[in-house]
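All remarks here apply to the structure that follows.
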Amino acid sequence: MVRTILGGRSDANLRFSDLCALMRYLGFEERVRGSHHLFDREGIVEIVNLQSRSGHAKPYQVRQIRRLILKYKLGAD
């Protein structure tokens with residue numbers, strides 16, 4: 001999944017549930033407030049707010065995750 005996001009070719013075709021599962025896999029804690037899924041992790045300044053669009057992740061949110069993975073070298077362990 002990390003490779004898929006880093007590839008950048010399927011930003012509009014990722015399932016929301018898969019993106020949430022990836023965030024949990026990367027060590028983020030999830031809190032749900034209505035339709036907002038908030039993810040945070042110790043050592044990472046950004047708080048990620050994800051929302052589903054018809055069961056898919058929003059492309060701009062996938063790009064945010066890609067930037068976090070690259071910035072903090074997540075998933076490389």
Pairwise distance [atom1]([X]) to [atom2]([Y]) - rounded to 0.5 angstrom:
X	Y	atom1	atom2	answer
Phe39	Leu22	CZ	CG	9.0 Å
Lys58	Asn49	NZ	CG	8.5 Å
Leu68	Lys73	CG	NZ	13.0 Å
Gln64	Leu50	CD	CG	7.5 Å

Side-chain donor-acceptor distances from residues 2-11 under 3.5 Å, at least two apart:
residue: Asp11; atom: OD1; partner: Arg66; partner atom: NH2; Å: 2.4
residue: Asp11; atom: OD2; partner: Arg66; partner atom: NH2; Å: 2.9

**OP:** With sequence neighbours excluded, give me every side-chain hydrogen bond (donor to acceptor under 3.5 Å, both in side chains) pair touching residues 23-34.
**Re:** Arg24-Glu30, Glu30-His37
Original post:
Which pairs pass salt bridge (Lys or Arg N to Asp or Glu O under 4.0 Å) with one or both residues in residues 42-55, sequence neighbours excluded?
Top reply: Glu46-Lys71
Subject >> Flag side-chain contact, heavy atom, 4.5 Å: Leu14 against Met1 >> reply: yes
For [X] versus [Y], what's the shortest heavy-atom pair and its separation?
X	Y	result
His56	Ala12	CD2-O, 4.3 Å
Gly27	Arg41	O-CG, 3.6 Å
Phe28	Leu74	CE1-CD1, 3.9 Å

Is there a chain of hydrophobic side chains (I, L, V, M, F, W, Y, each step under 4.5 Å between heavy atoms) that links [X] to [Y]?
X	Y	value
Tyr72	Ile47	no
Val45	Leu38	no
Ile44	Leu70	yes

